[in-house]
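To start, the structure under review is shown below, and the notes come after it.
What you are looking at is a predicted structure, and each value in this text was computed from that prediction instead of being measured.
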Amino acid sequence: MDLPGLEAKSSVQDAGFCTRCYGSVWSHQTRTLAEKVVVAREIDIKQVRNIGIMAHIDAGKTTSTERILYYTGRVHRPGEVDDGAAQMDYMEQERERGITITSAATTCYWRGYRINIIDTPGHVDFTVEVERSLRVLDGAVAVFCGVGGVEPQSETVWRQADRYGVPRIAFVNKMDRLGADFGRAVQMMVDRLGAKPVPMQLPIGREDTFVGVVDLLEMQAIYDNEDDLGQSYRTEEIPAELRDAAAEARLRLIEALAEVDEQIMELFVAERDPDTAQLHAALRRATIENHLVPVFCGSALKNKGVRRLIDGIVDYLPSPADRPAVTGSHPKTGVNEVRQPSDDEPFAALVFKILADSFAGKLAFIRVYSGTVATGKVVLNNTTGKRERVMKLLRMHADKREELTEVRCGDIAALVGKELRTGDTLSALDHPLLLEEMLFPDPVIYVAVEPKTKADQDKLRDALLALSEEDPTFQIRKDPDSGQTVIWGMGELHLEILTDRMKREFNVACNVGRPQVAYRESISQAVESVYEHRKEAAGKHNFAKVRLALQPGEIGSGVTFANEASAGEVPLQFTAAVEAGVRGACETGVLAGYALTDLAITLIGGAYDEDDSSEADFAYAAAEALWNGARDAGAVLLEPAMDVEIRTPADYLGDVTGHLNAKRGKVIGMDAVGDDRVIKAEVPLTEMFGYATELRSLTHGRGVYSMQLKRYERVPEKIAAEITRLYVGA
C-alpha cells in the first residue's frame with residue numbers, strides 16, 4: 001500500500017515518530033495515517049498483545065478503554081459512560097445503567113503493535129465474563145480507583161488472573177478525585193492482593209491539583225495537554241518538591257528489579273546505575289514471569305496518563321509468543337499433546353464466548369493458540385466430535401465487525417457457527433486436540449418465569465435457549481412439583497438484566513416471580529446407611545444391596561465419592577452405577593428439596609446376585625441408601641453468606657451498622673477513607689434483597705455497596721424450620 005510521503009519509510013520511527021509514542025507535535029490525523037501502514041502490512045506474532053481490562057465496578061475501566069481507543073486512532077472521539085455513549089458498552093442495559101454487563105472485544109494499533117482488547121464487567125454478578133476472558137488472554141490491565149484502592153471485585157478478578165497465571169500491569173485511576181491517594185492504593189495491592197507492585201510514576205499534585213506524572217525511568221515530569229484531550233503533552237524537569245521522592249522511588253524500583261532479575265542485580269552490586277533500555281528490558285522480563293506488577297497512574301476522564309499506560313501495555317505485557325505452549329489431550333487416546341504458538345503448527349483454538357447476533361446469527365469468539373484457519377475451511381469440534389465449516393471470520397469492535405479471510409496464531413476473532421458452545425475446542429481435522437475444560441461457578445439465586453400468553457411460549461423457550469448459550473452461569477430448570485420454568489443466576493442484577501433482555505431483544509411478554517435464594521443441604525454427623533432393593537415384576541427378580549458411609553465434608557468441597565467395597569460384595573461393573581445413583585440423589589435433599597453438598601460418600605459394602613442384579617438396581621439402591629442416611633445424619637439447611645463491603649459517610653455509620661445487625665449481619669472490619677467509612681461484613685443473601693434502596697434511604701443517597709459469595713453456612717434453626725414447613729406443606 002503506497003501512501004504519499006511515506007514510500008521510502010520502513011517503520012513508524014523512520015516516518016518521524018518517536019519509538020515510545022508519537023509525540024506532541026504530530027496530529028491525530030498524521031498518527032492515524034501511520035497506523036494504516038501498520039494495519040496494511042503483516043503483523044509479527046511478537047507485535048501482538050491480547051489484553052483484558054479488569055476492575056471493580058466504577059473504577060473507570062470502560063472510560064480508560066475509551067481513551068485507549070481514542071489515542072490509538074480507533075475512534076475519533078472518546079465515548080463517555082455517564083452519557084451512555086461509550087463504544088464498548090453497546091447494550092441498551094449497559095448504557096442505561098452506566099455499567100459493563102458483557103465483555104466486549106476490539107482491536108487497535110500503537111507503535112506498530114496490534115492490541116486486542118477485551119473490556120470486562122466489574123460487577124460480581126457478571127464475573128463469569130472476566131473468568132472466560134482471562135482464560136484466553138496473555139496479559140491484563142488492572143484498573144484501581146485512586147480513592148477506593150483495592151475493592152472487593154478487584155480482589156476477585158486478581159485471584160482469577162492468578163489462577164490462569166496472567167501477567168498484569170496496574171493503572172491507578174481517578175487521581176483527580178477527592179480522597180485519591182496513590183501510595184495508599186499501591187500499599188493495598190501489597191496488603192490485600194499479595195502483589196509486588198512497582199510504581200513507574202509518581203503523581204504531580206493530588207485531588208483537584210493533579211496535573212501530571214513523574215516518569216521514574218526517564219526522570220522527567222510529563223503534563224498532558226488538556227486543550228486537545230491529551231493528544232499532546234510536554235515534558236519538563238521534575239518539580240523541586242518531588243525530586244527527592246522521585247529519586248527514592250526510582251531506587252526502590254531498581255532494588256525491586258535487582259531481587260528478581262540477575263542482570264540488574266549485577267549492576268546493582270557493582271553500584272552501576274542501569275540505563276533506561278536495561279530497565280525496560282528487565283521490567284518486561286519481570287512482568288512476563290509474574291514477579292512484578294508495573295503501576296501507572298492518571299485520570300482517564302481528564303485525559304491524563306493513559307498514553308503512558310498504552311506504552312506500558314506494549315513494553316511490558318507479553319505477546320502470544322512469550323506465553324507457554326498450550327497443552328491439551330487427544331480426544332480419543334487421552335495422550336497429552338503440545339501446540340507451540342506458531343502459524344506453522346496445526347490449527348487449535350478455544351471458543352470462550354457465544355453471542356446471539358440478530359444479523360449474523362450465533363457468533364463464537366475464539367482464541368487461536370496455534371496454526372491458521374481461513375473462511376470456507378472445515379474444522380473439528382473436539383468437544384462434540386462434529387465438524388464445523390467456518391462460514392465467516394470477523395474482527396469485532398464491540399457490536400461492529402469487519403470480515404476477515406483468515407485468522408492466525410495469537411488472534412482473537414469471531415466466527416459464525418451453529419453448533420458451538422462456550423468451552424469447545426476447535427482444531428484441524430487431522431490433528432485433533434482437546435483443551436482444558438472451562439469451569440464456572442454455580443448460580444445462587446432463582447426466579448420463576450412464565451409466558452403471559454400462549455403465543456409467547458415458543459418465544460420464551462427460544463429466548464431462554466439463546467441466553468443460556470451465551471451465559472454458562474444462566475441455568476434453566478423445570479420445577480418437578482409446580483411444573484414452572486425456573487431460571488437461575490448469580491444475583492438480582494444478573495436475573496434482572498436477563499429478563500429485561502428477554503422482553504426487549506426477543507419480544508417475550510412474560511411474568512417473573514420474586515427472587516428466591518438457592519439454599520443447599522448437608523449433614524451434621526457421620527452415619528452408615530444400608531438399603532436392600534428387592535422387587536419382582538413380570539416374572540423378573542431385581543436385587544441390589546448397598547452400604548454407604550456418609551460424612552460431613554469440608555466447606556466448599558461439594559460431593560465426593562470413594563469405593564472401598566470388595567469386588568465380591570459390589571463388582572466393579574456396578575460401582576459406576578452406585579456413584580451415578582448417589583450423585584443423582586444429591587440433586588434433591590431430604591429437608592426442603594435443595595441439593596445436598598459438602599458431603600463425603602463412601603461405598604463400603606453391599607451384595608448382588610449374578611442373575612438378578614443390574615446397574616439400574618444398584619443406582620436405585622444407592623439413591624435410597626443416601627436419602628435414608630441423610631435423614632439419620634442430622635440433615636441441615638445451608639444458605640449463601642455474602643462478603644459485603646459498604647462505603648458510607650461517617651455521619652451515617654451507626655444507622656448502617658445497626659441495620660446490618662437487624663439483617664443477621666456480622667461486621668468483621670472497618671476502615672477510614674477520608675471522611676467515609678468502609679464496613680466489611682458477612683450477611684446472608686436472603687437478607688440482601690432490595691438492599692440498594694434501603695442503603696440509599698439510610699445514607700441520603702450517598703452510600704454504596706458491593707457483595708460476593710463467600711461460603712455456605714447453616715441456617716438458624718427457627719428459619720430453617722419455617723423453610724422446611726413451607727416445603728412439606730405442614
Side-chain angles (χ1 to χ4, degrees), residues 90-97 101-102 125-126 128-129 351 353-364 384 386 391 399 416-424 440-519 584 587-589 592-595 685-686 689-690 693 723 725-730:
Y90 60 87
M91 293 173 58
E92 289 183 32
Q93 293 85 353
E94 291 177 316
R95 292 180 171 174
E96 289 173 357
R97 290 169 170 80
I101 292 169
T102 183
D125 282 14
F126 310 103
V128 66
E129 294 285 341
V351 178
K353 177 181 172 70
I354 297 295
L355 179 66
D357 188 276
S358 56
F359 298 103
K362 187 164 70 174
L363 296 180
T384 63
K386 297 180 179 179
M391 303 302 296
D399 59 338
V416 179
K418 295 180 180 179
E419 303 297 328
L420 298 177
R421 300 288 186 274
T422 299
D424 285 355
F440 303 108
D442 292 329
V444 296
I445 189 173
Y446 65 93
V447 296
V449 295
E450 60 182 18
K452 283 190 175 180
T453 67
K454 202 163 188 179
D456 289 305
Q457 281 184 342
D458 291 341
K459 288 198 290 185
L460 176 62
R461 183 192 64 236
D462 294 342
L464 293 175
L465 182 61
L467 292 172
S468 66
E469 288 179 346
E470 281 191 20
D471 187 346
T473 60
F474 174 53
Q475 297 181 10
I476 311 160
R477 304 176 190 173
K478 203 81 169 178
D479 188 298
D481 299 319
S482 66
Q484 285 183 305
T485 299
V486 179
I487 58 175
W488 295 67
M490 301 303 296
E492 276 188 284
L493 180 61
H494 188 201
L495 291 179
E496 181 185 329
I497 295 295
L498 288 168
T499 52
D500 188 49
R501 289 186 63 191
M502 282 192 285
K503 295 172 182 177
R504 293 196 194 189
E505 296 176 26
F506 298 92
N507 298 316
V508 178
C510 60
N511 297 317
V512 181
R514 292 182 60 187
Q516 303 292 322
V517 171
Y519 292 98
E587 293 297 317
T588 306
Y594 294 103
L685 175 60
T686 186
F689 292 147
T693 302
I723 295 171
R725 184 187 68 79
L726 292 173
Y727 175 73
V728 299

Partner set under side chain to side chain donor-acceptor pair (under 3.5 Å) for Gln475, not counting sequence neighbours: Arg477

Heavy-atom check, side chain of Ile487 versus side chain of Leu464, under 4.5 Å: yes

Lys/Arg N to Asp/Glu carboxylate O, Glu470 vs Lys362, below 4.0 Å: no

Value rounded to 0.5 Å, distance of CD in Glu505 from CG in Leu467: 7.0 Å

From CA spacing to verdict: side chain to side chain contact (heavy atoms under 4.5 Å, CB included), Glu450, Cys510: CA-CA 5 Å; Glu450 60 182 18; Cys510 60; over 6 Å; no

Electrostatic pair Lys459-Asp456, nearest N-O below 4.0 angstrom: yes

Closest heavy-atom pair and its distance - Pro451, Gln457: CG-CG, 3.5 Å

Note, Trp488 side chain near Val447 side chain (heavy atom, < 4.5 Å): no

Note, Val512 side chain near Met502 side chain (heavy atom, < 4.5 Å): no

Validation row: Tyr594, Thr588 side chains within 4.5 angstrom (heavy atoms): no

Gap separating the CD1 atom of Ile354 from the CG atom of Asp424, nearest 0.5 angstrom: 7.0 Å

Salt bridge (charged side-chain N to carboxylate O under 4.0 Å, His left out) partners for Arg421, two or more places apart: Glu469

Contact check, side chains of Phe474 and Pro443, non-hydrogen atoms, under 4.5 Å: no

From OG1 (Thr686) to CD1 (Ile445), nearest 0.5 Å: 9.0 Å

With Val508, the side-chain contact (heavy atoms from CB on, under 4.5 Å) member among Asp462, Leu460, Thr499: Leu460

Check against side chain to side chain contact (heavy atoms under 4.5 Å, CB included), Leu363 and Val416: CA-CA 5 Å; Leu363 296 180; Val416 179; 3.8 Å; yes

Gap between atom NZ of Lys353 and atom CG of Leu420 - 0.5 Å precision: 14.5 Å

Distance in Å, Phe506 CZ paired with Arg461 CZ, rounded so as to fall on 0.5 Å steps: 13.0 Å

Value rounded to 0.5 Å, distance of OG1 in Thr485 from CD1 in Ile476: 8.5 Å

For the student: nearest non-hydrogen atoms of Gly489 and Leu495, plus distance: N-CD2, 3.6 Å

